[in-house]
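Atoms considered below: every heavy atom in the structure, side chains included; atoms not considered: hydrogens, waters and symmetry mates. We name chains A, B, ... by the order of the sequence lines, and we start the count at 1 in each one.
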Amino acid sequence: MLYSELFLPTIREVPTDAEIISHQLMLRAGMIRKLTSGVYSYLPLGLRVIRKVEQIVREEMNRAGAQEVLMPAIQPAELWQESGRWSFYGKELIRFKDRHNRESCLGPTHEEVITDLVRNDIKTYRQLPKNLYQIQTKYRDEIRPRFGVMRCREFGMKDAYSFDADMAGADLSYQKMYDAYMRIFSRCGLVFRAVEADTGNIGGSSSHEFMVIADSGEDAVAFCAACQYAANLEKAEVLAPETMSTPVEPLPLTEVETPNVRTIHEVCDFLKVSPEQIVKTMIYQGDAEVVAVLVRGDMEINEAKLRNYLKADTLELATDDVILKATGAPRGFAGPIGIKVKVVADYSLKPMQNMVVGANKQDYHILNANISRDFKISDYADLRVITEGDACPRCRSEIRFARGIEVGHVFKLGTKYSKAMHAMYLDRSGQEQVMIMGCYGIGIGRTVAAAIEQNYDDKGITWPVPIAPFQVIITPVNVNEESLLKTARDLYDRLTADGVEALLDDRDERAGVKFNDADLIGIPLRVTVGPKKLAEGKVEIKIRKTGVVDEVLLADAPGYIRTFIADAVGTAS
RNA sequence: CGGGGCGUAGCGCAGCCUGGUAGCGCGCUUGCUUUGGGAGCAAGAUGUCCGGUGUUCGAAUCACCGCGCCCCGACCA
């Protein structure tokens, strides 16, 4: 490709509305342009990278035994009503009526369509297992699109769906996808971690997220410093305290006036106690029941855990009315003593003694509350958010936190969709059985953005070779010198003939401009064709990522370049 | 949806407070010079000042109503 013909508008200045580095660099490097909030066009350079990632995904999916299909973006409401998600999915689903007034939507994901496809044509265990995938555009009307291509309303996603006859088969399908994902993200040159995750509204029994470690990540990951354990914060298990603290003399229950003191912070200041002595009492409204949840004052309740514990579809903080009814006091003074709803406590309550609790009475708290003497707890459970320094639930070593970008997610769906939509098959004995499903997603554009978050410097992007838009850029320092341009052209022709993805910067620009553009767009190798070295029959080859410059005889350059690329691509895969 | 901010040339911004006929840098066009890390000189082109309504002799500037975008919170690949 000739640079002079490429549609590659680079920007020198940093666009102010781009907050994170990948967004800035994708704009500056002429990869993307925004059409409207959360909707982007890919320009030639950006699309080349997208295609590279897609190709890696395709190769690994095929290698894992999945088959590519392509499903529609337009989907009828009936399928979604059948699965129950038409009412459940919410505003994120872009709905519309066609000219015949039929309710439709733009697919945010394809469990319904694939399940419909499979149930119509797969009838027997002999046809199972199957794993079908597609790389297709998804539509989600995100509450707040942000970070450029990282979180947008229209985006490219690889989604795969497995169908198995039994659990053992489903587990194997899941493992194959898990392994394929490990290879995919490794090949993309990413530093990532597979973490245990909550299943969210896709549903199902278990799941892993593939997190690219980056400070700009929207997700927090808890991981063990010693073992392989890693989990999304909302999933990470917290162990019950092993040892009780040394018993102290229970002090008499004392009610104190705490005018307008509501938050943990205010209580600490007012009563001169530390948060560890306080019990936080939160009133939640589950599907049908109202519960009081207790956790130590310095800790946070994990609503995902609570929802799972209560087996509730919906869960939210109780309204002021409900709180008043349950406690007899306004928000801010709830406590377990005399409360009129079921009380569950996080394990963190177990060792606490002489605690500070709300008095269920406006402007009052109670000192020296003790479990069983003063109030009862109907159940203990793991209900809090893990904190840094907690014990690893697997090996009891120390938990640390990192930020991550979720680029992939694998779910064991079980029978959630196959049951609702009657995806059945006949087993060996002629009995009708429900298929066991799994689903597996990769955000293509997000993977590209994540790769930039991990591969850049002050000059621009430093692409990992396997996903670079071009492998080498050839820069004649002055195209008005015939010999330089001709040498560069010959080298370009030779490399292209060898199957190397080369870009020839034949623009009549100053060398500095070309060098800066080459650095910005991040091509792994730059061959500089200049008068000084050419007089010795040499060119310079600069490695973008390391900055290392090698002087190479012109005749040796193609070999040098092919070896470099083969090593880089080979090592990664 | 709640809270904050912004909207003036392709990009980055000033001008707005205190109303008086639109400006800077970069980029773009042409010419000459220059040519190994974002060149110099000269001459140019480019604006529904987000939109509407109002106030005023006069509105980018003041008021009201919209719209769009960005950032912070609940969602997710």
Sugar-phosphate only, base, or nothing, as touched by A:D219 at under 4.0 Å among non-hydrogen atoms: base
Separation of the C1' atoms in B:rC17 and B:rA63, to the nearest angstrom: 15 Å
Face-to-face stacking of A:F155 with B:rA77, centres under 5.5 angstrom, angle under 30°: yes
Inter-nucleotide C1' distance (B:rU29, B:rU46), Å rounded: 11 Å
Touch class at under 4.0 angstrom, heavy-atom based, for A:K91 against every strand present: nothing
Same-atom distance (C1') from B:rA60 to B:rG47, integer angstrom: 11 Å
A:D116 side-chain N/O to A:E112 backbone N/O, donor-acceptor pair under 3.5 Å: no
Sugar-phosphate, base or nothing in reach of A:D17, heavy atoms under 4.0 Å: sugar-phosphate
Integer-rounded Å distance: B:rA77 P and A:M61 CE: 15 Å
Sugar-phosphate, base or nothing in reach of A:E92, heavy atoms under 4.0 Å: sugar-phosphate
N/O (side chain, A:R510) to phosphate O (OP1/OP2, B:rA39) under 4.0 Å: yes
Between B:rC76 (P) and A:L93 (CG): distance, integer Å: 13 Å
Nucleic acid contacts - residues 535-551 of chain A versus RNA chain B, non-hydrogen atoms under 4.0 Å: A:E540, A:K542
Protein-nucleotide distance (A:R146, atom CZ; B:rG5, atom P), rounded to Å: 19 Å
Touch class at under 4.0 angstrom, heavy-atom based, for A:V407 against every strand present: sugar-phosphate
Pairwise C1' distance for B:rG12 and B:rG38, with rounding to whole Å: 16 Å
Nearest-angstrom distance from the residue atom CD1 of A:I442 to C1' of B:rC76: 15 Å
Heavy atoms from other residues, nucleotides or ligands near OH of A:Y456 exceed 12 (cutoff 6.0 Å): no
A:G438 backbone acceptor or donor facing A:S162 side chain under 3.5 Å: yes
Candidates B:rG37, B:rC72, B:rC76 - which lies nearest the side chain of A:D519: B:rG37
Pairing partner of B:rC69 (Watson-Crick or G-U wobble, both distances under 3.5 Å): B:rG5
Criterion ring-ring contact (aromatic ring centres under 6.0 Å, His included) on A:Y178 and A:F210, from CA distance to verdict: CA-CA 9 Å; A:Y178 183 100; A:F210 289 78; 5.4 Å; yes
Residue among A:D506, A:D508, A:D505 satisfying side chain to side chain donor-acceptor pair (under 3.5 Å) with A:S4: A:D506
Close side-chain approach of A:T447 to A:I442, heavy-atom, < 4.5 Å: yes
Side-chain N,O (A:R33) to OP1/OP2 (B:rC11) below 4.0 Å: no
First of A:A18 and A:R526 reached from the 5' end of RNA chain B, by closest nucleotide: A:R526
Sugar-phosphate only, base, or nothing, as touched by A:R153 at under 4.0 Å among non-hydrogen atoms: nothing
Separation of the P atoms in B:rU8 and B:rG3, to the nearest angstrom: 25 Å
Residues A:M31, A:L43; criterion side chain to side chain contact (heavy atoms under 4.5 Å, CB included); working and verdict: CA-CA 5 Å; A:M31 294 175 66; A:L43 278 47; 5.9 Å; no
Nucleotide nearest A:V477 (side chain, heavy atoms from C-beta), chosen from B:rG36, B:rA77, B:rC26: B:rG36
Separation of B:rG38 P from A:R507 CZ (nearest whole Å): 14 Å
Nearest-angstrom distance, P atom, B:rG36 to B:rG10: 34 Å
For B:rC64, the Watson-Crick or wobble counterpart (both distances under 3.5 Å): B:rG52
Under-4.0 Å side-chain N/O to phosphate OP1/OP2 contact, A:R144 with B:rC71: yes
Strand partner of B:rU29, provided both Watson-Crick or wobble distances fall under 3.5 Å: B:rA43
Check against salt bridge (charged side-chain N to carboxylate O under 4.0 Å, His left out), A:E68 and A:R58: CA-CA 8 Å; A:E68 188 166 6; A:R58 203 167 260 129; 2.8 Å; yes
Span that lies between the P atom of B:rC50 and that of B:rA9, in whole angstrom: 8 Å
Base paired to B:rC13 (Watson-Crick or G-U; both N/O distances under 3.5 angstrom): B:rG23
Sugar-phosphate only, base, or nothing, as touched by A:P531 at under 4.0 Å among non-hydrogen atoms: base
Sequence neighbours excluded - salt bridge (charged side-chain N to carboxylate O under 4.0 Å, His left out) pairs with any residue from residues 299-309 of chain A: A:K280-A:E300, A:K305-A:D382
Nucleotide nearest A:F411 (side chain, heavy atoms from C-beta), chosen from B:rG27, B:rA77, B:rA74: B:rA77
Sugar-phosphate only, base, or nothing, as touched by A:G443 at under 4.0 Å among non-hydrogen atoms: base
Under 4.0 angstrom between A:S37 side-chain N/O and B:rC70 OP1 or OP2: yes
Sugar-phosphate only, base, or nothing, as touched by A:K514 at under 4.0 Å among non-hydrogen atoms: nothing
Which nucleotide in B:rG73, B:rG37, B:rC76 has an atom nearest any side-chain atom of A:F515: B:rG37
Inter-residue atom distance A:K532.NZ - A:E551.CD, 0.5 Å rounding: 11.0 Å
Touch class at under 4.0 angstrom, heavy-atom based, for A:G530 against every strand present: base
Nucleotide nearest A:E13 when distance is taken to its side chain, options B:rG27, B:rA77, B:rG12: B:rG12
From B:rC71, B:rG27, B:rC76, nucleotide with atom closest to A:R12 side chain: B:rG27
Base paired to B:rG36 (Watson-Crick or G-U; both N/O distances under 3.5 angstrom): none
Opposite nucleotide pairing with B:rU18, Watson-Crick or G-U, both atom distances under 3.5 Å: none
Quiz item: cation-pi between A:R446 and A:F155, 6.0 Å / 45°: no
Sugar-phosphate only, base, or nothing, as touched by A:T36 at under 4.0 Å among non-hydrogen atoms: sugar-phosphate
Proximal nucleotide (of B:rA74, B:rC11, B:rU35) relative to the A:I143 side chain: B:rA74
Nearest-nucleotide pick for A:T16, side chain only, options being B:rA74, B:rC13, B:rG36: B:rC13
CG (A:N480) with more than 12 external heavy atoms under 6.0 Å: yes
A:V513, nearest nucleotide to its side chain (from B:rA39, B:rC69, B:rA77): B:rA39
5'-most by nearest nucleotide on RNA chain B - A:T528 or A:E218: A:T528
B:rU61 and B:rG25, which share atom name C1', separated by this distance in whole Å: 23 Å
